[in-house]
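Data block below; observations after.
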Amino acid sequence: MDNETTNYAIKLDIFEGPLDLLLYLIKKNEIDIYNIPVALITEQYLQYLKIIKSLNLDLAGEYLVMASTLIHIKSRMLLPVPEEPSEEGAEEDPRAELIKQLLEYQSFKEAAADLGKRPLLERDVFTRSAPITDEVDKSAENDDELMEVSIFELIEAFHRLVSRIDKKDLLEIDMEKMSITDIINDVMERLTREKNLTFEELLGERIDRRRIIYTFLAILELIKLKMVKAYQTSAFGVIRIFPAVES
Amino acid sequence: MENIKAIIEALILAAEAPLALDKICVVLDEAEKTEVKNALDRLITEYDERQSGICLQEVAGGFQFRTRSELSCWVKKLKGTKPASLSPAALETLAIVAYRQPIVKMEIESIRGVDVSAPLRGLLDKKLIRIVGRKDVPGKPIIYGTTKKFLEVFNLKDLSELPNLRELKELNEQQETIQEFYE
Amino acid sequence: MENIKAIIEALILAAEAPLALDKICVVLDEAEKTEVKNALDRLITEYDERQSGICLQEVAGGFQFRTRSELSCWVKKLKGTKPASLSPAALETLAIVAYRQPIVKMEIESIRGVDVSAPLRGLLDKKLIRIVGRKDVPGKPIIYGTTKKFLEVFNLKDLSELPNLRELKELNEQQETIQEFYE
């Protein structure tokens, strides 16, 4: 048993998760993945978990979830198969879902291995890395081209800033505000073109509840920011929105 | 254009990234696209036939000079440093993103059966994957996809060059097996 | 060493700076210096005779592939179409505008802690931000917001698709927890 324990211990950290551990057990026992003897596999699986616990290692929750799944399948397998097949044809194998998951995971595991075997840049193949410092004029850069920046770099930049100045409120960004901001930009763009607009005109043709509420909130926000002014010719008259400052 | 092959060669060497056919055509505005393509093909063959240490490869939607992979040990000896390699967790996560993109974190986790925050973050840092957008479902989860750099690093022309996953075929076979088993 | 020429070719392409003869000899430790020198000379001649767009040149005490100087006009034309990238200052300013718009310059400066005139101008030039209007307060400061082009460049349907900072933070935190677990 001691010998066994060390064997298990060595292999613990090489598993990528419960599915990986199951695949390992299936392979070790030379089992057909389409016809898993659930009782055997469950027993071995639980054995592993015990060892992990005995080594005082924290067990990721996912391993426990899988354990209960296995036990559940095992108990379902013990139920007698109904003699008359149900109307929908064959009764579903209690293992079907797990098998599907294992096959899917296995195929990605193989795909990952295949990826890792490709000739990788900076590992197997290399490109020119020295700068070509020809007489090429560097000022000839054209700014109108698309920029190669990812959204991730943008958010990283903002994150950097926030962590530097530690202003908690900067972190609060809610989706609703961003949707309103879209409309604010839209409203301001149209106001510069048209000089003034009524609320209905601002809504345009896209009249849905969300749009009406957001447009209304956007105008309130714009008034608060002192970017627009709202005028009314008479009580209950049409409200016209003007840019607060002529551009 | 007489020396079109030479010009293309120079352009590809000078470019900072794999150079797209279209871009070459923009620079060589007087040449026909087929003419450029032919010159490229001839260049590729010539480098191959000459058994040069360099080869011209189509990768990430463009053309680039790369050292021949058989010579990697020599180049590694020159560079000295050992390149950081991807962990199995990162590779698995990357494979799932590559094949299943656009994909959200939860879907990756349901395939791998474990939390993928750490490998996702590492792949983003390495710029192998990127945030493509958000899914229009409650919570607006982030959608991930692979980058051009992914194609460059893994020596792929485009995503269609990824080998087919075995999964689908096997899944069908499996269903038949189970059916037979119960019949 | 049979393919010494090919190895040298690969080494020179991959080197970060002009590659010195001595350095090549260190890597090819079984080859004689004269042998290496001969291979180099042959390579230089071959590239010349082939009228390739690339030439192997001895510069700054080493060997390097360069584009042939007669072709420099083409290379310049290519570099002219090179996508511009954003400086860190521009990126930070853009991030603040994106997440905090509509916003005036003073507010951006209070976040960044430095003058942002230059990056703002750059972003306006690149059409990533625009003047949304003016605020009706003393000084009538200009209000900035992002443009449609901003959405295009960053592949966003609308601003609500911008990643939530909390999500990024969560990714970070989860990673830290996992790292602690393994340490």
Side-chain angles (χ1 to χ4, degrees), chain A residues 14-22 32-35 60-63 65-66 81 85 89-93 95-96 99-116 118-129 131-132 134 136 148 150-153 155-156 175, chain B residues 13-14 17-18 55 57 59 64-69 72 75-76 79 83 85-86 88-89 91-96 98-100 109-115 124 127 130-133 140 147-149 152-156 162-163 165-168 170-171 173-175 177-179 181-183:
Chain A
I14 64 163
F15 296 119
E16 291 298 327
L19 291 170
D20 199 22
L21 172 52
L22 279 179
D32 177 9
I33 195 165
Y34 301 102
N35 191 12
E62 295 99 349
Y63 282 93
V65 173
M66 179 58 76
V81 179
E91 192 76 12
E92 210 200 345
D93 189 321
R95 301 168 297 184
I99 291 172
K100 200 180 136 215
Q101 230 185 327
L102 280 170
L103 282 174
E104 191 177 37
Y105 176 66
Q106 183 178 251
S107 66
F108 280 111
K109 203 174 150 63
E110 281 167 11
D114 288 345
L115 272 183
R118 295 189 63 83
L120 293 197
L121 190 63
E122 296 295 313
R123 187 187 72 184
D124 309 304
V125 296
F126 301 82
T127 64
R128 170 181 69 78
S129 48
I132 290 209
D134 275 0
V136 174
E148 284 185 332
S150 76
I151 189 72
F152 189 65
E153 287 170 83
I155 189 178
E156 273 284 346
M175 231 74 91
Chain B
L13 182 77
C55 56
Q57 270 197 336
V59 63
Q64 190 173 45
F65 285 115
R66 297 193 156 198
T67 60
R68 217 169 274 283
S69 58
S72 68
V75 182
K76 266 185 241 173
K79 297 233 167 190
S85 68
L86 290 170
L91 261 181
E92 279 180 21
T93 308
L94 182 60
I96 295 169
Y99 280 94
R100 282 290 158 82
E109 287 178 341
S110 92
I111 295 175
R112 285 202 60 220
V114 290
D115 178 75
L124 281 168
K127 295 194 170 51
R130 66 191 182 96
I131 293 169
V132 180
K140 292 219 173 186
T147 58
K148 218 175 197 174
K149 194 181 166 197
E152 281 179 45
V153 169
F154 285 88
N155 242 29
L156 294 159
L162 281 171
L165 276 186
R166 243 183 285 174
E167 169 199 18
L168 278 179
E170 288 199 357
L171 267 183
E173 280 168 12
Q174 165 227 348
Q175 248 139 27
T177 321
I178 289 171
Q179 218 108 42
F181 177 74
Y182 272 88
E183 268 158 22

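Chain A is the first sequence line, chain B the second, and so forth, proteins listed ahead of strands; every chain is numbered from 1.
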- Intermediate values then yes/no, salt bridge (Lys or Arg N to Asp or Glu O under 4.0 Å), A:Glu122 and B:Lys76: CA-CA 9 Å; A:Glu122 296 295 313; B:Lys76 266 185 241 173; over 6 Å; no

- Mind checking the CZ-CG spacing from A:Arg118 to B:Leu156? Nearest 0.5 Å is all I need. 4.0 Å

- Query: Does B:Asp115 reach the side chain of A:Glu62, with side-chain heavy atoms less than 4.5 Å apart?
  - Reply: yes

- Point-to-point distance, once rounded to the nearest 0.5 Å, from OG of B:Ser69 to CZ of A:Phe126: 10.5 Å

- Could you give me the CA-CA distance, side-chain angles and deciding distance for B:Val59 and A:Leu121, then say whether side chain to side chain contact (heavy atoms under 4.5 Å, CB included) is met? CA-CA 11 Å; B:Val59 63; A:Leu121 190 63; over 6 Å; no

- Using non-hydrogen atoms only, which part of B:Phe65 is less than 4.5 Å away from chain A: side chain, backbone, both, or neither? backbone

- Shortest non-hydrogen contact from A:Arg128 to B:Ala14? NH2-O, 3.1 Å

- Between B:Ile96 and chain A, which part of the residue has a heavy atom less than 4.5 Å away: side chain, backbone, both or neither? both

- Task: Find the distance between CZ (A:Arg123) and OG (B:Ser72) and round it off to the nearest 0.5 Å.
- Result: 8.5 Å

- Task: Would you check, one step at a time, whether the test side chain to side chain contact (heavy atoms under 4.5 Å, CB included) holds for B:Asn155 with A:Leu120?
- Result: CA-CA 7 Å; B:Asn155 242 29; A:Leu120 293 197; over 6 Å; no

- Message: Out of B:Arg68, B:Lys79, B:Gln57, return the one with the most heavy atom pairs under 4.5 angstrom to chain A.
- Response: B:Lys79

- Task: Apply side-chain hydrogen bond (donor to acceptor under 3.5 Å, both in side chains) to B:Glu109 and list each qualifying residue two or more places apart in sequence or on a separate chain.
- Result: none

- Query: How about B:Arg112 and A:Phe108: do any of their side-chain heavy atoms sit closer than 4.5 Å?
  - Reply: no

- Residues forming a salt bridge (charged side-chain N to carboxylate O under 4.0 Å, His left out) with B:Arg66, sequence neighbours excluded: none

- Query: Looking at A:Gly17, A:Gly61, A:Pro119, which has the largest count of heavy-atom pairs under 4.5 Å with chain B?
  - Reply: A:Pro119

- Query: So, for A:Ser107 and B:Leu165, which heavy atoms are closest and what is the spacing to 0.1 Å?
  - Reply: O-CD2, 3.8 Å

- Message: To the closest 0.5 Å, what do you measure between CG (B:Leu162) and CG (A:Leu115)?
- Response: 6.5 Å

- Message: Measuring from atom CD1 of B:Ile111 to atom NZ of A:Lys109, what distance do you get when rounded to the nearest 0.5 angstrom?
- Response: 14.5 Å

- Message: If I measure from the heavy atoms of chain A, does B:Thr147 come under 4.5 Å with its side chain, its backbone, both, or neither?
- Response: neither

- When the 4.5 angstrom heavy-atom criterion is applied to B:Glu92 and chain A, the contacting part is both

- Scanning both residues in full, the closest heavy-atom pair of B:Thr67 with A:Val125 reads O-CG1, 3.4 Å

